[in-house]
Amino acid sequence: MSSSVRVRFAPSPTGPLHIGGVRTALYNYLFARKMGGTFILRIEDTDQTRFVPGAEQYILESLAWLGISPDEGVGADGPHAPYRQSERKELYKAYADQLIREEKAYYAFDTSEELDAMRTMFESKGSAFQYNALTRVKLRNSLALPAAEVQALLDANTPYVIRLKVPAKGEIRFQDSVRDWVHVHTSSIDDKVLMKSDGMPTYHLANVVDDHIMEITHVIRGEEWLPSAPLHILLYQAFGWTAPQFAHLPLLLKPEGNGKLSKRDADLGGFPVFPMEWTDPQTGAVSKGFKQEGYLPEATLNFLAFLGWNPGTEQELFSLTELVDAFSLERINKAGAKFDVNKAKWFNEQYLKQQAPELLAKEYLGHLPAEQGLAFVSLFLDRITFPQELSTLVAAFIEKPSNYEEAVIQNKWNAEAEKGLRLLADALPKVAVWQADEIKHAIHECLEAAGIKMGKVMQILRVALSGNGAGPDLMISMQLWGKDQVVERLTAALQAFPKNS
RNA sequence: GGUCCGUUCGUCUAGGGGUUAGGACACGUCCCUUUCACGGAUGAAACACGGGUUCGAUUCCCGUACGGACUACCA
């Protein structure tokens with residue numbers, strides 16, 4: 001028995017991995033790395049009806065994109081293979097049978113319809129139906145029925161489920177790494193189904209069995225599992241196993257209003273809730289992904305890490321290795337965190353500025369000469385949130401203005417400005433070395449000689465050349481446009497602008 | 001309805017029995033700049049409420065309110 005830390009991320013392949021799931025994976029990864037442990041990926045595909053083709057692949061690709069791929073498990077192999085629960089079906093059956101033999105679990109023959117009927121009946125009386133120590137004696141199961149009848153039902157291949165025999169009295173308590181002591185009475189836990197009638201285990205059984213067999217030391221998962229944690233403890237006790245340490249993570253909430261973050265929020269808010277783009281194989285509907293929106297993996301990771309955890313210092317920018325260093329379960333918050341797209345964008349801007357300009361130029365401005373691409377990157381980098389904006393910004397920059405910003409013309413276009421522009425139209429072609437500082441010098445001299453202040457002309461010059469009243473450094477812009485282009489644009493503008501009387 | 005969990009600026013959060021309750025995003029103002037952006041400075045902005053305990057509570061305890069999760073042969 002090794003004492004080293006082993007954690008797992010155990011998603012169901014029922015669709016694209018939700019961003020909250022990504023954060024769970026991240027925290028598991030960080031903790032594993034921090035402790036020198038192992039990060040395992042297990043696929044929990046025990047619900048055959050909800051299986052979505054491509055989902056597993058999507059999970060793997062998403063983790064790979066973020067650089068938090070598993071050390072062991074699906075996509076990485078390992079000593080406990082297979083890591084897909086559907087491929088471990090027989091195993092669970094054996095453990096369920098063991099509990100039957102030890103009388104810690106029992107067969108139940110009630111049909112879904114019968115149970116539904118019970119629920120509606122209880123509901124009409126204003127209470128909730130629970131399959132538990134109180135009700136099971138009156139239901140169709142191996143605890144209530146005579147042994148001979150049970151055997152007969154079994155022999156006749158009557159569909160059945162296996163349920164855990166939860167004790168009527170008792171208190172379950174465990175110490176959660178995030179929430180400290182949590183206690184609950186067994187009376188509020190019902191006799192959960194362990195094995196479904198299709199022969200597949202439920203989450204609860206498969207999860208506990210696998211976590212034990214795979215020697216998982218810490219279960220780090222979303223808060224939605226907190227209510228079933230006591231049941232899992234019960235299961236560990238039934239098997240006589242030591243339960244792992246639990247850490248239940250706070251939920252990721254909607255940016256506005258209440259409730260947990262959902263796919264709908266993404267559609268409404270125009271931001272992604274999935275790491276990568278996802279096309280629904282059924283409907284063909286496409287959901288946005290962080291990757292395709294232009295979020296860098298480092299930024300996504302950093303943003304996600306801070307949703308529910310913080311290092312306790314004022315540092316906010318953390319590389320993955322720095323996160324590993326700083327991470328601890330104790331500093332995870334209890335309360336849910338609202339997803340704030342502004343913060344995500346800010347992180348992206350920070351990491352974007354740290355990117356190698358050569359790489360950005362190559363990737364987004366590859367159609368231009370390298371030197372020119374680089375010049376554009378430095379011109380636009382601190383004005384953008386997503387790298388692909390580089391392409392559109394540069395395309396617009398290269399395009400001749402098709403119209404001129406009206407408001408600026410209204411305010412700044414007057415006889416003096418016109419005089420200035422005409423002088424520049426004469427002076428600019430004579431600039432010997434077409435370089436930003438030389439251009440600036442020439443403009444300066446030209447206007448000064450005429451007694452015109454720079455401020456009176458510069459913005460209108462910008463509009464004349466680019467069409468816009470605001471934009472990047474004009475002198476460098478002019479250098480990049482080239483002398484001929486600048487003269488051409490200036491001449492065109494002089495013609496297009498209204499006449500001053 | 002029941003069980004469990006939670007609650008510090010609009011948002012993410014630090015803090016913790018005595019603090020000018022700190023930082024970041026977003027927002028406002030100013031500076032830088034020919035403009036915008038970046039950057040810098042600065043401002044507005046919070047301890048859900050009520051009871052205890054205490055010399056003192058935002059911090060500890062108990063209630064209330066509000067929010068959330070769960071309550072399937074889904075995970």
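Labels below follow one simple rule: chain letters A, B, ... track the order of the sequence lines, proteins then strands, and each chain is numbered from 1.
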Taking the [atom1] atom of each, how far is [N] from [M], in whole Å?
N: B:rG2; M: B:rG63; atom1: P; value: 15 Å
N: B:rA48; M: B:rU11; atom1: P; value: 12 Å
N: B:rA69; M: B:rG10; atom1: C1'; value: 24 Å
N: B:rU7; M: B:rG50; atom1: C1'; value: 15 Å
N: B:rG52; M: B:rC9; atom1: P; value: 26 Å
N: B:rA37; M: B:rG28; atom1: P; value: 10 Å
N: B:rC47; M: B:rU19; atom1: C1'; value: 13 Å
N: B:rG18; M: B:rA57; atom1: P; value: 11 Å

Practice task
Output yes when a side-chain donor or acceptor of A:E114 lies under 3.5 Å from a complementary backbone atom of A:L139, and no otherwise.
Solution key: no
Exercise for the section: Would you check if the side chain of A:D211 reaches a backbone N or O of A:I216 as a donor-acceptor pair within less than 3.5 Å? Expected result: no
Exercise for the section: Only pairs at least two apart or in different chains count here, so list each ring-ring contact (aromatic ring centres under 6.0 Å, His included) that has a residue in residues 163-193 of chain A. Expected result: A:F174-A:F246
Nearest-Å distance for atom pair [atom1]/[atom2], residues [X] and [N]:
X: A:I233; N: B:rC4; atom1: CD1; atom2: P; answer: 16 Å
X: A:Q315; N: B:rG22; atom1: CD; atom2: P; answer: 21 Å
X: A:F271; N: B:rA26; atom1: CZ; atom2: P; answer: 17 Å
X: A:I172; N: B:rU3; atom1: CD1; atom2: C1'; answer: 14 Å
X: A:F122; N: B:rG2; atom1: CZ; atom2: P; answer: 16 Å
X: A:L134; N: B:rU3; atom1: CG; atom2: P; answer: 15 Å

Note, [X] side chain near [Y] side chain (heavy atom, < 4.5 Å):
X: A:P70; Y: A:I40; answer: no
X: A:F397; Y: A:T392; answer: no
X: A:W225; Y: A:V219; answer: no
X: A:L461; Y: A:I443; answer: yes

Check: protein-nucleotides 31-34 of chain B nitrogen or oxygen pairs below 3.5 Å:
residue: B:rU34; atom: O4; partner: A:L474; partner atom: N; Å: 3.2

Exercise for the section: Return the orientation label for the A:F306 and A:W309 ring planes: parallel under 30°, perpendicular over 60°, tilted otherwise. Expected result: perpendicular
Handout entry: Aromatic ring pairing A:Y27/A:F327, orientation class (parallel under 30°, perpendicular over 60°, tilted between)
Key = tilted
Fill in the blank from the handout: Tested for salt bridge (charged side-chain N to carboxylate O under 4.0 Å, His left out) against A:D191, the lone hit among A:K104, A:R136, A:R163 is A:R136
Completion exercise
Sequence neighbours excluded, the answer for side-chain hydrogen bond (donor to acceptor under 3.5 Å, both in side chains) partners of A:Q459 is A:K412
Exercise for the section: Looking at every strand, decide which applies to A:H248 at a 4.0 Å heavy-atom threshold: base, sugar-phosphate, or nothing. Expected result: nothing
Enumerate all atom pairs, one protein N or O and one N or O from nucleotides 11-13 of chain B, separated by less than 3.5 Å.
residue: B:rC12; atom: OP1; partner: A:K338; partner atom: N; Å: 2.9
residue: B:rC12; atom: O2'; partner: A:F306; partner atom: O; Å: 3.0
residue: B:rU13; atom: OP1; partner: A:G308; partner atom: N; Å: 2.9
residue: B:rU13; atom: O3'; partner: A:N310; partner atom: ND2; Å: 2.8

Practice task
Step through the shown structure and confirm whether more than 12 heavy atoms of other residues, nucleotides or ligands are within 6.0 Å of CD on A:Q282.
Solution key: no
Practice task
Give a yes or no on whether A:K419 atom NZ has more than 12 heavy-atom contacts from other residues, nucleotides or ligands under 6.0 Å away.
Solution key: no
Under 3.5 Å, which N/O atoms of the protein pair with N/O atoms of nucleotides 37-40 of chain B?
residue: B:rA37; atom: O2'; partner: A:D382; partner atom: O; Å: 2.6
residue: B:rC38; atom: O3'; partner: A:K353; partner atom: NZ; Å: 3.1

Practice task
Report, as a single string ordered 5' to 3', how protein heavy atoms within less than 4.0 Å touch nucleotides 69-75 of chain B: B base, S sugar-phosphate only, - not at all.
Solution key: SS-SBBB
Completion exercise
Assert: residue with more 5' nearest nucleotide on RNA chain B, out of A:W181 and A:G471, is A:W181
